[in-house]
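Below, chains carry the letters A, B, ... as their sequence lines are ordered, and counting in each starts from 1.
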There are 2 protein chains.
Amino acid sequence: MNKNTAITIFESLSSAVRLDVYRLLIKMGNEGMVAGEIASTLNVPSTNLSFHLKGLTHSGLINVEQEGRFQRYRANLPLMLGLIAYLTDECCAGKPETCGEFSPESICSQCADSGSGK
Amino acid sequence: MNKNTAITIFESLSSAVRLDVYRLLIKMGNEGMVAGEIASTLNVPSTNLSFHLKGLTHSGLINVEQEGRFQRYRANLPLMLGLIAYLTDECCAGKPETCGEFSPESICSQCADSGSGK
DNA sequence: TCAATAGTTCAACATTAATTGTAATATTGG
DNA sequence: CCAATATTACAATTAATGTTGAACTATTGA
């Protein structure tokens with residue numbers, strides 16, 4: 001995970017249509033969904049959906065697999081885990097003692113290691 | 001957490017400056033940083049930084065506290081946890097058996113409950 | 001009160017993204 | 001091969017965001 005990847009992921013999820021698509025695909029799990037089903041479920045014109053699917057695919061948040069004349073899309077959950085790690089990687093870096101009340105549920109590995117400081 | 005809040009958070013983090021600011025503030029923990037320090041650390045003109053700090057504050061990702069003539073900013077980590085929960089809330093909803101290879105590290109509570117399906 | 005410092009607001013301009021309809025591509029079944 | 005279906009690519013319009021410098025507000029210390 002690098003900065004540009006992270007920015008692309010955040011851009012991907014900063015539109016209502018794309019966020020709906022991503023959450024829908026997470027809900028569908030490994031089964032995924034083909035483009036036409038997504039369009040009719042979310043009531044988005046297919047030409048517009050295609051634009052947004054492209055963005056999500058480009059960021060890696062969703063994957064696509066061809067199935068005859070259909071394109072089946074699935075969420076890529078591991079990428080989200082990588083993003084979270086990227087954000088919290090350096091939490092309280094070098095000063096775990098300042099982390100005490102800061103990190104609420106051991107999202108910060110430094111704090112967890114140092115026993116919630118202060 | 002609702003959809004609009006989530007979109008605002010993603011928009012907040014979809015610019016290089018704002019992502020840098022947020023990660024810097026996570027690194028600084030409860031100590032936080034005043035606006036001028038942030039500007040000089042990241043080499044961003046103060047007028048531009050102010051624009052981005054406003055966006056981050058509006059989304060709730062960072063908080064601000066006045067300290068004399070300074071404004072001290074801190075990251076709001078709990079909000080990030082809420083966002084993650086919002087995304088993965090409905091993972092594999094209704095069909096945990098489809099979740100098997102999908103959720104890699106029990107990010108999906110449904111899968112965890114059903115013993116990773118398949 | 002005055003000068004210095006810290007930040008923000010404003011207005012102009014530049015850049016980038018979203019939406020729509022139309023046309024193009026690709027696969028399937030007859 | 002042809003017609004139908006699924007989806008994507010293109011181009012034009014509209015809208016939203018990012019950046020900058022200059023002006024403004026508020027606080028501090030002499």
Q. Can you check the A:Leu13 CG to C:dA18 P distance for me, whole Å?
A. 12 Å
Q: Starting at atom CZ of A:Arg69, determine the distance to atom C1' of D:dT5, rounded to an integer number of angstrom.
A: 5 Å
Q. Which atom pair, heavy atoms only, marks the closest approach of B:Tyr22 to B:Leu77?
A. OH-CD1, 4.0 Å
Q | Pair B:Leu25-B:Leu56, side-chain contact (heavy atoms from CB on, under 4.5 Å): steps then yes or no | A | CA-CA 11 Å; B:Leu25 290 178; B:Leu56 284 164; 6.0 Å; no
Q) Starting at CD of A:Glu67 and ending at P of C:dT28, how long is that distance when rounded to a whole Å? A) 11 Å
Q. According to a strict under-4.0 Å criterion, is A:Tyr73 in side-chain N/O contact with OP1 or OP2 of D:dT8?
A. yes
Q) At under 4.0 Å between heavy atoms, what does B:Arg18 touch on the DNA or RNA strands: base, sugar-phosphate, or nothing? A) sugar-phosphate
Q) Closest approach of B:Phe10 and A:Leu13, non-hydrogen atoms and distance? A) CD1-O, 3.3 Å
Q. Separation of B:His58 atom NE2 from D:dG18 atom C1', in whole Å?
A. 18 Å
Q | Whole-Å gap separating P (D:dT8) and CG (A:Leu56) | A | 12 Å
Q.
Nearest 0.5 angstrom please: B:Arg74 CZ to B:Glu31 CD, how far?
A. 9.0 Å
Q.
For D:dA6 and A:Gln71 - does any side-chain N or O of the residue sit under 4.0 Å from the phosphate oxygens OP1/OP2?
A. no
(Q) Between P on C:dT28 and CZ on A:Phe70, what's the gap in Å once rounded to a whole number? (A) 9 Å
Q. Which heavy-atom pair separates B:Gly60 from B:Asn76 by the least distance, and what is that distance?
A. O-ND2, 2.9 Å
Q | Evaluation steps, salt bridge (Lys or Arg N to Asp or Glu O under 4.0 Å), between B:Lys3 and A:Asp20 | A | CA-CA 9 Å; B:Lys3 189 159 100 181; A:Asp20 284 343; 3.0 Å; yes
(Q) Output the rounded distance in Å from CD1 (A:Ile7) to C1' (D:dG18). (A) 13 Å
Q: Nearest whole angstrom, please: distance from the P of C:dA6 to the CZ of B:Arg72.
A: 13 Å
Q | Nucleic acid contacts - residues 32-53 of chain A versus DNA chain D, non-hydrogen atoms under 4.0 Å | A | A:Val34, A:Ala35, A:Gly36, A:Ser46, A:Thr47, A:Ser50
**Q.** Interatomic spacing from CZ in A:Phe70 to CD in A:Glu37 - rounded to 0.5 Å
**A.** 8.5 Å
